[in-house]
There are 2 protein chains.
Amino acid sequence: MYEKKIPKDFSCGMSITFEIIGGKWKPCLIDSINRGVRRPSELAKKHPLASKRVLNLQLKELEAYGVVRKIVYPVLPPKVEYFLTEVGESLLPLVTMMENWGSDFMDDFYKSQENMHTDPIVKEQF
Amino acid sequence: MYEKKIPKDFSCGMSITFEIIGGKWKPCLIDSINRGVRRPSELAKKHPLASKRVLNLQLKELEAYGVVRKIVYPVLPPKVEYFLTEVGESLLPLVTMMENWGSDFMDDFYKSQENMHTDPIVKEQF
DNA sequence: TTACATAGGGATAATATTATCCCCATACCA
DNA sequence: TGGTATGGGGATAATATTATCCCTATGTAA
């Protein structure tokens, strides 16, 4: 965490939603925790492309916003588990919908990447 | 546009969805265009907090991905209109859902910002 | 002793995104 | 001539986000 210098405008719902799930790995974390992957080490194995550092940071934010709850067992070696709160569960339909839309759009997406520079339509008459 | 150096991983739908609507003003633009605000100058007036520069950039990306279609009328002063494509319209339920979720969560959100540093739960017995 | 597993975070570098400012072109109007 | 409206973008600065590396702590097992 560091101090933000550009004040964020949270007047519309969209900006809040993005603040909550806008991190690179947050939706993945929510999904994984929901599927029963609860411990940090397990989450790290599940997302090898993400550094542990970032996963920790994003879990911390999710916890701060009440999306996940963290349970620390006072044992050694340490044991920690994350669970979705009610708020976190209420995000699941949204996360699912975003995942599904992206999957459906995937084919078009790759095509649009090929011809990235198409000319705009110019209407000659109107 | 500039060359990205960290290759993005578009293997899951979520990452694609974020690529499409992940910009700061993209959901706002999609929503506004859907509501009939089609011309760049109108969009700029509707979103005074955004610089025209960024709006242009994000409109360009939306166009490149086939979310909006740009129509240029060859007149002076210039006239341009943006419309949602089918793909763009298919995003509307998602955008609406994100907006609604954020609005519903808004109260909790402000509370969670007040006590941002809560202690994690420590289970003494398990 | 050494290594391992576990969870966490400091310090810094790299990259990505957005903000700011200022310029272009052109028809019209006063 | 000078100002206005319109759409667009270059150059650069500021900020935000993520990546990399490496260190802490501790009980257990080899």
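Not measured: the values here are computed from a predicted model. Throughout, protein chains are lettered first and strands after them, A, B, ... in sequence-line order, and every chain is numbered starting at 1.
Side chains of Leu92(B) and Leu84(B) form a contact here, defined as non-hydrogen atoms less than 4.5 Å apart. Between Tyr82(A) and Val80(A) the shortest side-chain heavy-atom distance falls below 4.5 Å. Contact of the Trp25(A) side chain with the Leu62(A) side chain is not registered, since no non-hydrogen atoms from C-beta on lie closer than 4.5 Å.
For the side chain to side chain donor-acceptor pair (under 3.5 Å) test with Ser32(A), the passing option among Arg38(A), Lys46(A), His47(A) is His47(A); the others fail.
A straight line from CD of Glu61(A) to P of dG8(C) spans 15 Å, rounded to a whole angstrom. The distance from atom CG of Asp9(A) to atom P of dA19(C) is 11 Å, rounded to the nearest whole Å. When the C1' atom of dG8(D) is taken as reference, atom CG of Leu76(B) falls 13 Å away, rounded to whole Å. The NZ atom of Lys52(A) sits 8 Å away from the C1' atom of dG8(C) (whole-angstrom rounding). Rounded to an integer number of Å, the gap from Lys60(A) NZ to dT18(D) P is 15 Å. The CG atom of Leu55(B) sits 14 Å away from the C1' atom of dT17(C) (whole-angstrom rounding). Look at CG on Leu59(B): it is 8 Å from P on dG8(D), rounded to the nearest Å. Spacing between atom NZ of Lys8(A) and atom P of dA16(D) amounts to 8 Å, rounded to whole angstrom units.
Contacts between residues 11-33 of chain A and DNA chain C, counted as heavy-atom distances below 4.0 Å, involve no residue at all. Near DNA chain C, meaning a heavy atom under 4.0 Å from it, residues 34-46 of chain A has Arg39(A), Pro40(A), Ser41(A) in order of number.
At a cut-off of 3.5 Å, with distance as the only test, a side-chain donor of Glu19(A) or Tyr65(A) sits close to an acceptor on the other residue. Counted by atom type alone, Glu86(B) and Ser90(B) present zero donor-acceptor pairs between their side chains at under 3.5 Å. For Glu89(A) and Thr85(A), the side-chain atoms include no donor-acceptor pair closer than 3.5 Å.
Nearest heavy-atom pair, Val95(B) versus Pro27(B), reported as atom, atom and distance to 0.1 Å: CG1-O, 4.3 Å.
You won't find any donor-acceptor pair under 3.5 Å spanning the side chain of Arg53(B) and the base of dG7(D), going by distance alone.
A cation-pi contact, defined as under 6.0 Å to the ring centre and within 45° of the axis, links Lys79(B) to Tyr73(B).
If you check every strand for non-hydrogen atoms under 4.0 Å, Gln58(A) touches sugar and phosphate atoms only.
Checked against dT6(D), dT26(C), dA19(C), the side chain of Pro77(B) finds its nearest nucleotide in dT6(D).
Look at Lys70(A) and you'll find a side-chain N or O under 4.0 angstrom from OP1 or OP2 of dG8(C). Within the structure, a side-chain polar atom (N or O) of Asn56(B) is placed less than 4.0 Å from OP1 or OP2 of dG8(D).
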